[in-house]
> 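Sending over a structure as structure tokens; questions will come in a sec.
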There are 2 protein chains.
Amino acid sequence: MSDHLAMGPGREFDAVRALLAQWGPLARGVGDDGAVLDVPAGEKLVVSTDSTVEDVHFRREWLSADEIGWRATQAALSDLAAMGAAPLGVLLALTVPRAWREELPALASGIGAAMQQVGAAIVGGDVTDGDRLALAITVLGHAPRPLSRAGARRGDTLYVTGSLGGPGAALSAWLAGSTPDAAARARFARPEARIAAGLWLAQQGATAALDLSDGLAGDVAHLAAASGVACVLELDAIPCVPGASVDAALQSGEEYELLVAAPSLDTAAFAQAHGGLELTAIGRVEAVGTPPSGGAPSGSVQGSAAQPGVVRAERGGAPVALPGAHDHFAP
Amino acid sequence: MSDHLAMGPGREFDAVRALLAQWGPLARGVGDDGAVLDVPAGEKLVVSTDSTVEDVHFRREWLSADEIGWRATQAALSDLAAMGAAPLGVLLALTVPRAWREELPALASGIGAAMQQVGAAIVGGDVTDGDRLALAITVLGHAPRPLSRAGARRGDTLYVTGSLGGPGAALSAWLAGSTPDAAARARFARPEARIAAGLWLAQQGATAALDLSDGLAGDVAHLAAASGVACVLELDAIPCVPGASVDAALQSGEEYELLVAAPSLDTAAFAQAHGGLELTAIGRVEAVGTPPSGGAPSGSVQGSAAQPGVVRAERGGAPVALPGAHDHFAP
């Protein structure tokens, strides 16, 4: 852990020492100004930073400190999963208000459990005082050929891992003042970065991927725009958690499932390789400007050939409006 | 920039877009879940995270937003300098309270200027809301043979770059309610990570290095402890900024100068290669247990052979007490 703690070092040094003692061999390379890591020869370094902040990304009464640590770490690692990268390590910048100080061991326990799950180490970070709990987590990974959002090609199939709608349902319940059901709550509180899935998908020829942190509707638009293609979603195929509608699944963010484009994937082999986690074909990639099958009904969302990044929806092969999306034809 | 902004994306997305527009080509690889970088073949990856937080590391009335951005970035980069690493890029996790939002372009300008100075790119990050301005900066670098604190050997000379005492003088003035003189203030507000110096020193055979973020007295103790050696400081040799005493220079933290151990270095060649920046021999490395020259006077600070990491002070070759250090012989 770095030690730039100019104006009040005592408390923060103590906090860092306690964390290092708790993490044991999970924290490595700590003591010098920086940590030293090896990127395997011929591979690329993949990096991302992701912050989880109290009252922005969660409220204290929703989650235990252990869950907050786990979730923040998995959310950050999810960016590596989306790039088809294997984790090298993480760096943590923790802002810990006085009111959270007693919860620091529980927070560290959640962070440590997440790191242990993916088999990577905590290689640096710092702890500072502040008014709101915040975890800024930088993840480092490596990949021979990192996936981007920009590689999807006409003719690819669109796939999604897992089932969608859980985090959205939990969030809706909390924001309405009620209690989410246990399954939805677990999807929000205990996400798992799809690291192994991302590695498998990259190896099997995926052309583009991203995680569903903004929700499927938003993220498929990101993929379409980055790749300059039209993405056609078959709404009836979208895998939803029990009780979640397709509309809700499309809007549910913080999913940490992967959206992937690939020529063709063996979904049964995927499930077998990932403990039953499902990979579901939910649509296809077309060239921008391809006319919708059956003609567009009034109210459908589509772009023109001049506007890359189009998302269209179908039900049973017939074009329908994309729920919740901006409607160019609305009055 | 990553885009996990679950509960209030609009403002933060806008902030990220504005930052990217301002930074232009200084921000690279942004758009995917992670950025992709190359570590040169045969070299190590060096990483560190460093946070600068309002009211912990600075007060708003002390610095302009541009200076805060510059200083936080240089402070983070300083860890690469201390490791003898060349910068690859940085990731920024910015917490920007409402009261700071109008200052974001100035903050970004300082960050950008610092990145431009070292010729590295901003490769990721995020912006979140919060109650206190905080910049958590992760730096990535590469080095064929990173320097550590642990490599100092008996017979090495101790060197320091630049002159010490400026940041401490500025801080003392501010904390006493007065105005620091311009030179001391500049040393606090406009530090420069000694990147080129670190590379030169590593190449010239330095055995250990660290930056003086805790001040020379504290950091020489870190070096001695990590290397398991005795460090002997010649107090009269310590380069001080005008007006700073040796005692003040020893305690002044946030210096971002480098403390280096090396068999022997050409200080004139160093100065010539670094625009006149001085490299000054300030002491030597001995085995733990070496008797002090001339015998220890009452009040000197020393350890026993069983306790590694000893710091001793001399004036004109005669042992003296190390100012400000814990005195084992005090009543």
Side-chain angles (χ1 to χ4, degrees), chain A residues 2-9 31-39 41 44-53 56-57 75 78-80 82-83 85 88-89 91-93 95 123-126 128-132 134 136 138-141 146 148-150 171 210-211 213-214 226 253-254, chain B residues 2-9 31-39 41 44-53 56-57 75 78-80 82-83 85 88-89 91-93 95 123-126 128-132 134 136 138-141 146 148-150 171 210-211 213-214 226 253-254:
Chain A
S2 165
D3 48 16
H4 295 289
L5 300 159
M7 290 165 61
D32 274 311
D33 290 279
V36 177
L37 297 168
D38 277 309
V39 175
K44 301 285 186 179
L45 172 65
V46 178
V47 296
S48 177
T49 283
D50 197 56
S51 293
T52 294
V53 181
V56 177
H57 301 94
S78 179
D79 287 331
L80 295 182
M83 303 284 287
L88 270 176
L91 300 103
L92 308 167
T95 306
V123 298
D126 57 17
T128 47
D129 200 6
D131 303 312
R132 259 189 228 210
T138 300
V139 293
L140 309 173
S148 100
R149 305 175 172 199
L171 210 50
L210 72 177
D211 72 3
S213 46
D214 295 337
E254 309 283 314
Chain B
S2 164
D3 48 15
H4 294 292
L5 300 158
M7 289 164 62
D32 274 310
D33 290 280
V36 176
L37 296 168
D38 278 308
V39 175
K44 301 283 187 182
L45 171 65
V46 178
V47 297
S48 177
T49 284
D50 197 56
S51 294
T52 294
V53 181
V56 176
H57 301 94
S78 179
D79 287 332
L80 295 181
M83 304 283 289
L88 270 175
L91 300 104
L92 308 167
T95 306
V123 299
D126 57 18
T128 48
D129 200 6
D131 303 312
R132 258 190 230 209
T138 300
V139 293
L140 309 173
S148 100
R149 305 175 173 200
L171 209 50
L210 72 176
D211 72 5
S213 45
D214 295 337
E254 310 282 313

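Quick note on labels: first sequence line is chain A, next is B, and so on, each numbered from 1. Source: prediction; values computed, not measured.
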> Does any non-hydrogen side-chain atom of A/Val123 lie less than 4.5 Å from one of A/Leu91?
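Result yes, sub-4.5 Å side-chain heavy-atom pair found.
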
> Please state whether the side chain, the backbone, both or neither of A/Ala41 comes within less than 4.5 Å of a heavy atom of chain B.
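Nothing of A/Ala41, per the 4.5 Å heavy-atom cut-off to chain B.
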
> Taking the side chain as every heavy atom from C-beta outward, state whether B/Leu45 and A/Leu45 have any pair of such atoms under 4.5 Å apart.
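Sidechains of A/Leu45 and B/Leu45: in contact.
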
> What residue in A/Thr52, A/Val139, A/Leu140, A/Leu88 has the most heavy-atom pairs under 4.5 Å with chain B?
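Heavy-atom pair counts peak at A/Leu140.
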
> What residue, out of A/Ala150, A/Ala134, A/Gly130, A/Ala226, has the most heavy-atom pairs lying under 4.5 Å from chain B?
A/Gly130

> Report yes or no: do B/Thr128 and A/Ser51 form a side-chain donor-acceptor pair below 3.5 Å?
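Their side chains do not contain a donor-acceptor pair, so the 3.5 Å distance test is not met.
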
> Of all the heavy-atom pairs spanning B/Ala82 and A/Asp33, show the shortest one and how long it is.
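Closest approach of B/Ala82 to A/Asp33, heavy atoms only: CB-OD2, 3.4 Å.
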
> With a 4.5 angstrom heavy-atom cut-off, could you sort out which part of A/Val36 is near chain B: side chain, backbone, both or neither?
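Both backbone and side chain.
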
> Could you measure the distance from the CE atom of B/Met83 to the NZ atom of B/Lys44? Nearest 0.5 Å is fine.
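Output value for this atom pair is 11.0 Å.
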
> Checking heavy atoms, do the side chain of A/Val53, its backbone, both or neither come under 4.5 Å from chain B?
side chain

> By a 4.5 Å heavy-atom criterion (distance strictly below it), what part of B/Val47 contacts chain A: side chain, backbone, both, or neither?
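Both backbone and side chain.
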
